[in-house]
Undergrad: 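Dumping the structure here so I can ask a few things about it.
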Protein chains: 2
Amino acid sequence: MGRRSDHTRDELREIIIREGHRQMEEAGFARFSAREVAKRIGYSIGTLYNVFGSYDHLILAINGRTLDLWLAYLERRLAGVEDDRLHVAVDAYFQFALDHRHAWTALFDFRLPEGEAPPEDYAVKLTAIVDAVEREVASELPPEHADKAPALTRSLLATVHGHCFFALNGTFELLGVTDPLGTALERVRDALDRYRQNRE
Amino acid sequence: MGRRSDHTRDELREIIIREGHRQMEEAGFARFSAREVAKRIGYSIGTLYNVFGSYDHLILAINGRTLDLWLAYLERRLAGVEDDRLHVAVDAYFQFALDHRHAWTALFDFRLPEGEAPPEDYAVKLTAIVDAVEREVASELPPEHADKAPALTRSLLATVHGHCFFALNGTFELLGVTDPLGTALERVRDALDRYRQNRE
DNA sequence: TATTTTATTGAACGGTGTATAATTGTGTGC
DNA sequence: GCACACAATTATACACCGTTCAATAAAATA
């Protein structure tokens with residue numbers, strides 16, 4: 001068969017990503033299959049490779065979609081909130097991960113070949129999330145420490161990530177930790193206290 | 001061929017784990033292949049399945065070996081150290097991950113099927129590492145807060161893990177973070193200050 | 001020595017990502 | 001209106017993967 005003007009290239013791209021993301025949410029990274037995605041949308045496997053070039057690029061596109069959803073969720077949660085916005089942001093981190101277990105986990109299961117950098121649009125999506133959190137961190141810092149916001153934001157994200165990761169992968173359950181979110185929030189508060197009390 | 005008394009079952013187990021671990025360090029979780037391990041030790045793929053029962057159990061055995069090496073390294077680093085032992089422990093966390101990138105990452109890339117618990121000996125190995133760190137955390141806490149050591153240890157491990165993970169998977173590089181270890185150590189100090197200053 | 005037990009094999013199966021030659025519908029120029 | 005060129009799509013082939021299992025051969029037992 002030849003050209004099938006049902007869809008433009010971009011529409012097809014969108015269809016594949018949508019179904020791919022659904023697949024990722026259902027099956028998880030380990031069981032994800034590009035062939036299965038092709039089958040479900042009624043295209044052949046070859047078409048996926050014409051559109052994305054490789055398995056890795058398909059995964060990057062799907063993970064990019066997850067980042068989009070993540071940022072949108074974060075902004076929705078923060079909209080209109082006046083008090084404790086950073087608290088809400090951390091809670092949203094956990095809640096999104098719990099609501100999209102497999103897709104969220106896939107963000108960290110996938111790794112590019114050594115030395116290869118992620119495409120720019122992927123980096124942009126990630127940075128957008130970090131920037132959104134950075135705004136909340138900055139507003140919690142006293143003005144004289146405003147310059148600490150970027151570095152502190154990245155450290156707090158790592159901190160929260162560690163707690164969230166251990167909560168989802170069963171490590172905390174194995175170790176008897178019962179309130180990962182509450183614990184993560186304690187660590188965030190501890191870090192902010194460093195600057196609120198003018199130590200160092 | 002039939003019984004080949006070159007090795008006992010346990011010796012063969014050991015041989016497979018040793019070569020499997022080597023393979024894991026070289027290729028990483030995504031490219032790891034049980035068939036390749038079999039080929040390299042001169043046994044057939046069927047034999048691996050007779051010994052371990054499944055791919056998952058083979059991986060668990062290899063990851064268990066990584067945990068053994070991790071604990072041994074941590075103890076070696078702490079041996080004879082008198083000051084700043086917790087600092088050394090955190091440094092050892094990072095250094096082991098860097099020295100055994102692929103094997104360390106595989107600990108977190110691998111996930112058992114939903115609802116399945118890891119075998120007890122795996123849990124024991126993990127707990128041993130946590131306990132070793134807990135001793136150092138406890139010795140940093142004032143006596144009146146000794147009861148906080150278990151929960152705080154698990155939280156600090158998650159904190160350090162998050163920083164180490166982002167350092168290794170390229171996230172920090174993408175975000176311009178230059179000193180992941182130093183940043184993690186700051187977060188550890190912040191958490192300890194909560195109890196050293198008698199807040200809350 | 002005959003028989004049972006046990007370790008080991010390797011082929012078969014259904015799945016994967018990847019590459020590419022062949023095919024077919026569409027749009028263009030004559 | 002028709003032939004041609006283009007571009008999208010497919011089907012097939014390939015080399016791998018984890019998994020299963022009947023067949024086999026060597027050691028242990030009787």
Side-chain angles (χ1 to χ4, degrees), chain A residues 1-17 19-24 26-63 102 106 109-114 116, chain B residues 1-17 19-24 26-63 102 106 109-114 116:
Chain A
M1 306 136 206
R3 165 183 286 184
R4 233 172 58 170
S5 57
D6 302 8
H7 306 108
T8 67
R9 240 342 89 116
D10 281 354
E11 283 170 350
L12 183 50
R13 229 187 115 88
E14 173 61 26
I15 289 171
I16 296 171
I17 293 178
E19 181 57 42
H21 195 267
R22 196 195 323 275
Q23 252 275 294
M24 187 65 85
E26 286 174 13
F29 182 75
R31 297 190 202 285
F32 178 87
S33 152
R35 284 181 123 101
E36 179 66 24
V37 173
K39 194 185 295 178
R40 292 208 196 177
I41 61 173
Y43 277 81
S44 101
I45 173 66
T47 298
L48 291 209
Y49 275 79
N50 290 336
V51 175
F52 288 98
S54 77
Y55 183 79
D56 285 8
H57 286 88
L58 171 58
I59 299 292
L60 278 169
I62 292 171
N63 281 353
H102 286 147
D109 282 339
F110 174 69
R111 231 146 287 133
L112 282 162
E114 314 252 354
E116 207 165 310
Chain B
M1 305 149 204
R3 165 180 287 184
R4 233 171 58 170
S5 56
D6 301 7
H7 304 108
T8 67
R9 252 304 114 113
D10 282 354
E11 283 170 350
L12 183 49
R13 232 188 113 86
E14 173 61 27
I15 289 172
I16 296 171
I17 293 177
E19 181 57 42
H21 194 268
R22 196 195 324 275
Q23 252 273 293
M24 188 65 85
E26 286 175 12
F29 182 75
R31 298 189 203 284
F32 178 87
S33 151
R35 283 182 123 102
E36 180 65 23
V37 173
K39 194 185 296 178
R40 290 207 197 177
I41 61 174
Y43 277 82
S44 98
I45 174 66
T47 298
L48 290 207
Y49 274 79
N50 290 337
V51 175
F52 288 98
S54 75
Y55 183 79
D56 285 7
H57 285 89
L58 171 58
I59 299 292
L60 278 168
I62 291 171
N63 280 352
H102 286 147
D109 282 338
F110 175 68
R111 231 145 288 134
L112 281 162
E114 314 252 355
E116 207 166 310

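Naming convention: chains lettered A, B, ... in sequence-line order (proteins, then strands); numbering from 1 in each chain. Remember, predicted model here, so these are calculated numbers, not experimental data.
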Undergrad: When rounded to the nearest 0.5 angstrom, what is the spacing between CZ in A/R13 and CD1 in A/I16?
TA: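 Going from the CZ atom of A/R13 to the CD1 atom of A/I16 covers 8.5 Å.
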
Undergrad: Applying side chain to side chain contact (heavy atoms under 4.5 Å, CB included) to A/D56 and A/E116, what does each step give before you reach the verdict?
TA: CA-CA 11 Å; A/D56 285 8; A/E116 207 165 310; 5.6 Å; no

Undergrad: Could you tell me if the side chain of B/N50 sits less than 4.5 Å from the side chain of B/R9, heavy atoms only?
TA: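 They are in contact (side-chain heavy atoms under 4.5 Å apart), so the answer is yes.
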
Undergrad: Answer whether the closest heavy-atom distance between the side chains of B/I59 and B/F29 falls below 4.5 Å.
TA: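 Contact flag for B/I59/B/F29 side chains = yes.
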
Undergrad: Expressed as a whole number of angstroms, how long is the span from B/F52:CZ to D/dT20:C1'?
TA: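 Roughly 18 Å, once rounded to whole Å.
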
Undergrad: Rounded off to whole Å, could you give me the CD1-to-C1' distance for the B/I16 and D/dG18 pair?
TA: 15 Å

Undergrad: In whole Å, what is the span from the CZ atom of A/R31 to the C1' atom of D/dC17?
TA: 15 Å

Undergrad: B/I41 has an atom CD1; how far is it from atom C1' of C/dT9, in whole Å?
TA: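 Atom CD1 in B/I41 sits about 14 Å away from atom C1' in C/dT9.
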
Undergrad: State whether A/Y43 places a side-chain N or O below 4.0 Å from either non-bridging phosphate oxygen (OP1 or OP2) of D/dT10.
TA: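 No.
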
Undergrad: Assign a letter to each nucleotide of nucleotides 16-22 of chain C from its 5' end: B, base within under 4.0 Å of a protein heavy atom; S, sugar-phosphate only; -, no contact.
TA: BBB----

Undergrad: Does A/E114 form a salt bridge (Lys or Arg N to Asp or Glu O under 4.0 Å) with B/R31? I'd like the steps, not just the answer.
TA: CA-CA 12 Å; A/E114 314 252 354; B/R31 298 189 203 284; over 6 Å; no

Undergrad: Would you mind reporting whether B/D109 and B/F32 have side-chain heavy atoms less than 4.5 Å apart?
TA: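 No; the side chains remain at least 4.5 Å from each other.
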
Undergrad: Which part of the nucleic acid, if any, lies within reach of A/L12 when heavy atoms closer than 4.0 Å are counted: base, sugar-phosphate only, or nothing?
TA: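 Answer is sugar-phosphate: A/L12 comes under 4.0 Å of backbone atoms only.
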
Undergrad: Do A/F110 and A/I62 come close enough that some side-chain heavy atom pair is under 4.5 Å?
TA: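 They are not in contact (no side-chain heavy atoms under 4.5 Å apart), so the answer is no.
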
Undergrad: Using a 4.0 Å heavy-atom cut-off, does B/L58 contact any base of the nucleic acid, only the sugar-phosphate backbone, or nothing at all?
TA: nothing

Undergrad: Check this one for me: any side-chain N or O of B/T47 less than 4.0 Å away from OP1 or OP2 of C/dT9?
TA: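 For C/dT9, OP1 or OP2 has a side-chain N or O of B/T47 closer than 4.0 Å.
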
Undergrad: Which whole-number value in Å describes the distance from A/D10 CG to D/dA8 P?
TA: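 Whole-Å distance recorded here is 12 Å.
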
Undergrad: Less than 4.0 angstrom between a side-chain N/O of B/R9 and OP1 or OP2 of C/dT8, yes or no?
TA: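 Yes, because at least one side-chain N or O of B/R9 sits under 4.0 Å from OP1 or OP2 of C/dT8.
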
Undergrad: What is the distance from CZ of B/F29 to P of D/dG18, rounded to the nearest Å?
TA: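 It is 10 Å, rounded to the nearest whole Å.
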
